[in-house]
Number of protein chains: 2
Amino acid sequence: MRVPKKERQRLLQETIDRNPFIKDEELSKQFAVSIQTIRLDRMELKIPEVRERIKHVASERLDEVKSLALSEVIGDMIDLKLDESAISVLDIEREHVFSRNEIARGHILFAQANSLAVALINDELALTTKADIRFSRQVHLGERVVAKARVIKLRRDGRTDVTVESYVGDECVFSGDFTIYRRGEEEQA
Amino acid sequence: MRVPKKERQRLLQETIDRNPFIKDEELSKQFAVSIQTIRLDRMELKIPEVRERIKHVASERLDEVKSLALSEVIGDMIDLKLDESAISVLDIEREHVFSRNEIARGHILFAQANSLAVALINDELALTTKADIRFSRQVHLGERVVAKARVIKLRRDGRTDVTVESYVGDECVFSGDFTIYRRGEEEQA
DNA sequence: ACTGCTATTAGTACCAGGTATTAAGTTCTT
DNA sequence: AAGAACTTAATACCTGGTACTAATAGCAGT
């Protein structure tokens, strides 16, 4: 055997993961085995044929566009009492971090908090006008951030004060005081 | 003729644009014409076969992932003097706005400003620790936001104060005072 | 009504990139 | 040397097409 089966299959998996568009024929050349062997390997590894793989990538992309448009909240909302409190969860993934050091970018944590604060407001139109925020600890790739938002004050002028605190485990990693405008057309978020 | 050719081709184009995964057979049923007619139509309209269409969607998606990972800065940096000042431009597109009212989400403007402030710092590791921000006017779909960042103070303790103001035309839409930490391992952004 | 033209449909051969199955080597091990 | 694991071969068949040829339908103009 040129290269042990297990090793070949490991590499095969990796190769296809990195390039889902590759055909059996090219794989067979790359690994210097017959095309049938490649197909047996794919079977054992439950890797579908190239067209299915491409289709999968493509449909993921369509989903992405939709979910991005739909998700008015960044992170998953797991609790919401309008005009009272809300909680969302965000798992920190590759696209959220600086590639150099795998630390989450500040605006990701801000985005989670901000969209949660906005979602909390029981109104057609809610926009952030002001925020004081503080990042109190680095958040790393793979960590789960739980953001908790709470309405502090409902003012008569249409503004609402919301405070958000985000935790990894029991450590506070982010806190912010937001002022949210509702229904108006003059201010911004 | 059930429906004039031109009209059918217009609808065909539209249908395929909306669902690139649709096969000739289903199209022929939908338009109540033979499969050959659909193929002639596709020819005339230069629409490739379903597999090519899917492949196209899929490869676009891969590009997307790459470009997202690469963009350490949200918006295009057009000027940068390290530890002094920087300017970036962001065109507000569909994915940046609330679908209901086409107003840019707050965290998009924050992201532009934050990543500009971080990029401005001449150091391996730069993280936001604190920010006071204000959204002074709504930004709408299609508008171009120019963010200008300026270093205010370089402290000896490793912190730097940066102020960012973002404009649409000559109107200020966002302003923020950021405190950026450099080189440390304790604080966050 | 016949001609001419476009539009539509049918039919056939062929292709890529597979699946599925059966059978025949090849190694490796013991 | 025998058995098991692994690899290759061969063949039939599938989907969703391309490419090409030919037949047919529908209608307009004269």
Side-chain angles (χ1 to χ4, degrees), chain A residues 1-70 94, chain B residues 1-69:
Chain A
M1 278 182 221
R2 315 147 231 249
V3 111
K5 183 179 171 177
K6 278 211 169 177
E7 178 64 6
R8 186 190 57 227
Q9 293 195 342
R10 207 183 50 73
L11 290 172
L12 186 72
Q13 181 69 261
E14 220 181 279
T15 306
I16 292 177
D17 281 349
R18 268 209 307 271
N19 176 17
F21 295 74
I22 195 168
K23 294 168 202 164
D24 286 359
E25 201 184 330
E26 216 192 304
L27 288 166
S28 89
K29 280 178 196 158
Q30 236 177 78
F31 290 93
V33 294
S34 74
I35 210 167
Q36 283 83 352
T37 301
I38 295 294
R39 286 174 180 165
L40 279 176
D41 284 348
R42 272 202 299 106
M43 279 250 219
E44 289 177 19
L45 299 172
K46 315 231 181 222
I47 301 174
E49 59 166 295
V50 72
R51 292 157 188 152
E52 290 305 310
R53 296 195 302 262
I54 291 177
K55 206 184 288 182
H56 185 248
V57 171
S59 53
E60 261 186 349
R61 191 208 153 213
L62 289 197
D63 290 353
E64 219 169 79
V65 171
K66 269 181 219 153
S67 73
L68 215 127
L70 283 175
R94 275 247 111 73
Chain B
M1 278 180 221
R2 314 145 235 251
V3 109
K5 183 178 172 181
K6 278 210 168 176
E7 179 65 5
R8 185 191 58 227
Q9 292 195 342
R10 208 182 52 71
L11 290 172
L12 185 72
Q13 181 69 261
E14 220 181 280
T15 306
I16 292 178
D17 281 349
R18 267 209 308 272
N19 176 15
F21 295 73
I22 195 168
K23 294 168 202 165
D24 287 357
E25 200 183 331
E26 219 192 302
L27 287 165
S28 88
K29 279 178 196 157
Q30 239 178 75
F31 289 94
V33 294
S34 73
I35 209 166
Q36 284 82 354
T37 300
I38 295 294
R39 286 173 180 167
L40 279 175
D41 285 348
R42 272 202 299 105
M43 279 250 220
E44 290 178 18
L45 298 172
K46 317 234 180 219
I47 301 173
E49 59 167 295
V50 72
R51 292 159 189 149
E52 289 306 310
R53 295 194 303 261
I54 291 177
K55 205 182 291 180
H56 185 248
V57 171
S59 53
E60 262 185 350
R61 192 208 155 215
L62 288 197
D63 290 352
E64 218 170 79
V65 169
K66 268 181 219 152
S67 72
L68 213 130

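Note that the structure is a prediction, hence the values are computed from the model and not measured. In the text below, chain A, chain B and the rest are named by the order of the sequence lines, each starting its count at 1. Side chains are part of it too, since the values below use all heavy atoms of this structure and drop only hydrogens, waters and symmetry mates.
As a whole-Å value, the separation of A/Q9 CD from D/dT7 C1' is 12 Å. Per the geometry, CD belonging to B/Q36 stands 16 Å off P belonging to D/dA23, to the nearest Å. Note: CZ (A/F31) to P (D/dC6) measures 17 Å, nearest angstrom. When rounded to the nearest whole Å, the span between CG of B/L12 and P of C/dT8 equals 12 Å. Atom CG in B/D41 sits roughly 16 Å away from atom P in C/dT6 (whole-Å rounding). As rounded to whole Å, 14 Å separates atom C1' of C/dG25 from atom CG of A/L40. A/K5 has its NZ atom 15 Å from the P atom of C/dC28, to the nearest Å. One can place CD1 of A/I38 at 16 Å from C1' of C/dT19, the figure rounded to the nearest angstrom.
Residue A/S34 places no side-chain N or O under 4.0 Å from the OP1 or OP2 atom of D/dT7. OP1 or OP2 of D/dT7 lies within a sub-4.0 Å distance of a side-chain N or O belonging to A/R8.
The pair A/E52-A/K55 counts as a salt bridge, with a side-chain nitrogen and a carboxylate oxygen less than 4.0 angstrom apart.
With sequence neighbours left out, A/L40 forms a side chain to side chain contact (heavy atoms under 4.5 Å, CB included) with no residue at all.
Counting all heavy atoms, side chain and backbone alike, B/A58 lies closest to A/F21 at CB-CZ, 3.8 Å.
Heavy atoms of A/I35 sit nowhere under 4.0 angstrom from any nucleic acid atom.
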Run the numbers on B/E44 and B/K5 for salt bridge (charged side-chain N to carboxylate O under 4.0 Å, His left out), then give the verdict.
CA-CA 11 Å; B/E44 290 178 18; B/K5 183 178 172 181; 3.2 Å; yes
Going through the distances and angles, do B/L27 and B/L12 end up as a side chain to side chain contact (heavy atoms under 4.5 Å, CB included)?
CA-CA 8 Å; B/L27 287 165; B/L12 185 72; 3.9 Å; yes
Scoring nucleotides 13-18 of chain D by protein non-hydrogen atoms under 4.0 Å (B base, S sugar-phosphate only, - none) yields --BBBB
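Checking side-chain atoms of B/R53 against main-chain N and O of B/P48 turns up a donor-acceptor pair under 3.5 Å.
Expressed to the nearest 0.5 Å, how far OG1 of A/T15 lies from CD of A/Q13 amounts to 9.5 Å.
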